[in-house]
Amino acid sequence: MRLYITVFFAGAILAGAAAYTSVFAHSGATGIVGERINHMKMLGDAVKQLTAMFAGQAPYDAGKVRDLASVVKDHGGATMTALFPEGSTEPPSEAKPEIWSDWQTFEALAEQLETFGAGLAAAAGNPRGGMPGGAGMLGQQGGMMGGSTMSQGMMGQGMMGTGGSSGVMPQHSAEALGQMPPDMVFGMITQTCSSCHTRFRAEKN
Amino acid sequence: MRRILAVFAALGIAGAAVLVALVAWPLDRGPATDETLVGDPARGAYLARASGCIGCHTDFANGGQPLAGGPPIKTGFGTFRAPNITTDKEHGIGDWSLGDFATAVRRGISPDGRPYYPAFPYEFYTKLSDLDVSDLYAAFQTVAPVARPASPQDIAFPFSFRPGLKLWRDWHFRPGRFAPDPSRGAEWNRGAFLVGGPGHCAACHTPRNLLGGLVTSEAYAGSRDLPGGDRSPPITPEALAESGWDEDAIVIGLRMGVTPEGDALGGTMGEVVRDSTSFLTDDDLNAIAVYLLNRGAEK
């Protein structure tokens, strides 16, 4: 009888603990996982505000773009990678183990985010134009990938990585980025976010 | 004893008869496509982007050549690999006629008469018009040949018995061109075509039954069972409205891969944006948004 009661309570406590952690998926996360969830939230906030300006939903303010771009820069690079110590996959983490088996790519993407953030800060005041990826630059007249003449444009767009492999783009100095239209650099930032999430974040919704 | 043996013999003969019937069951190649239409490779290239050809048929992660064959897609039925569809005559589709191409894409039947696995979303591409396939065919003629042999499919038994697909087709495949809804506007219908045809969004955003058929009563309700173990969110009008995906957000999301919260779409959807939807015109993205938000709603 005592055994049954003990097992019952132990089970109830465990079930309660499991429910607690799953119900409070994002909020209530502690330790390094909680820290990086907040880190990502702040990045998301900055991207949200930048998107509104670049999509024409809010008036474009170069000073504001500069500030938000600096936030992006500060959240990339070593600040980002330090939040992912080996094996920190306890729930509610959505980090995939590939982060550690492919650390080089993960680190490269984090550094890319930092560089592009600095680049956007430098480019914030430049004349607007030219979203990268498919849209804007070549999307309208893009030929078949792999096609000879028609694809020249597409393949030549390689620096944007049309369908890039890991999403790691060729090295651009912050100065070079600072010469580009800010829309382009912002597009490179969002592509970096997406590349990392595609490869390294589990989509459990 | 004799009776038991007789029963087993009868069952064995019946089983063999079913297998023979499956093998012999003819595949309907459908009406011939109109070969008088002149395909436009530029329109075809755009349609190929909308249809996601490049994304599945190119192994980007391993530096694969465009359209020379895709990475492994792990499902509950086995591991699929999209084949080489470059103009290489031996390893690709270089020696396919327009008719071969049309039947493959819209009916899921190879030139030598074998049914394709529905991992190739021909149940959606069936909506393409004759002009669409002519355009696509013209665009595919411009793709550089790559002599990379197709990797064999790695399908678990009994799904590896291809004639079994004829049953699947009978139960789940409804061939037919896109038919606009006359009670809806042009923009809605364009969105309906893009989403239900080349975009094949339901392939990931609608749940599937045990046989891999779409559960159409739960259209766009999301899936928990995507290749690789990922999940897709619901994109019904209610679900979209609930999570802040209005028309602008959908257009921005599909063009730039950013969510209303500033998050970046990850998983396969990030690749869909990168390889497909980021190439669509603003008009088409708006049409998709209008359709998704007003699907089923009475006007």
Side-chain angles (χ1 to χ4, degrees), chain A residues 40-52 54-57 94 96 105 131-136 138-151 154-155 160-167 183 186-187 189-205, chain B residues 41-42 44-46 48-49 53-55 58-68 86-87 139-144 146 222 224 226 228-233 248 251-252 255-271 273-282 285:
Chain A
M40 293 300 183
K41 274 212 189 97
M42 296 189 60
L43 262 174
D45 258 347
V47 169
K48 184 175 172 178
Q49 293 179 67
L50 284 165
T51 302
F54 283 109
Q57 291 173 323
E94 293 173 338
K96 284 171 116 161
T105 305
M131 280 286 182
L138 293 176
Q140 313 304 319
Q141 66 262 40
M144 283 297 278
M145 264 195 89
S148 42
T149 39
M150 299 216 73
S151 79
M154 304 265 284
M155 299 312 274
M160 302 314 310
T162 25
S165 43
S166 52
D183 312 61
F186 180 58
I189 289 176
T190 56
Q191 280 185 19
T192 304
C193 305
S194 191
S195 297
C196 202
H197 284 194
T198 298
R199 240 175 138 81
F200 297 120
R201 185 179 74 178
E203 298 303 313
K204 297 305 173 202
N205 291 316
Chain B
Y46 181 78
R49 278 292 180 187
C53 316
I54 289 107
T58 309
D59 192 355
F60 289 113
N62 294 312
Q65 299 276 66
L67 299 165
T86 67
T87 47
F140 273 91
Q141 300 310 301
T142 70
V143 176
V146 177
R224 300 175 160 238
L226 296 185
D230 283 348
R231 295 181 178 189
S232 65
D248 285 341
V251 172
I252 290 170
R255 198 196 301 134
M256 299 175 58
V258 185
T259 75
E261 295 313 304
D263 193 357
L265 292 171
T268 331
M269 196 61 200
E271 291 167 358
V273 171
R274 181 194 72 191
D275 299 331
S276 174
T277 59
S278 65
F279 289 86
L280 300 183
T281 62
D282 280 353
L285 291 177

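Letters A, B, ... are given to chains in the order of the sequence lines, protein chains preceding strands, and every chain is numbered from 1.
Taking the side chain to side chain contact (heavy atoms under 4.5 Å, CB included) definition, one finds that B/T87 meets it with B/P145, sequence neighbours left out. With sequence neighbours left out, B/T86 forms a side chain to side chain donor-acceptor pair (under 3.5 Å) with B/N84.
Proximity to chain B is limited to the side chain of A/Q57, based on heavy atoms less than 4.5 angstrom apart. Both the backbone and the side chain of B/E261 come within less than 4.5 Å of a heavy atom of chain A.
Across B/L265 and A/T198, no two heavy atoms sit closer than the pair O-OG1, 4.3 Å. The shortest non-hydrogen separation linking A/C193 to B/A264 is CB-CB, 3.3 Å.
The only member of A/T190, A/I189, A/V47 that meets side-chain contact (heavy atoms from CB on, under 4.5 Å) when paired with B/M256 is A/T190.
In this structure, A/K48 NZ and B/D263 CG are separated by 11.5 Å, a value rounded to the nearest 0.5 Å.
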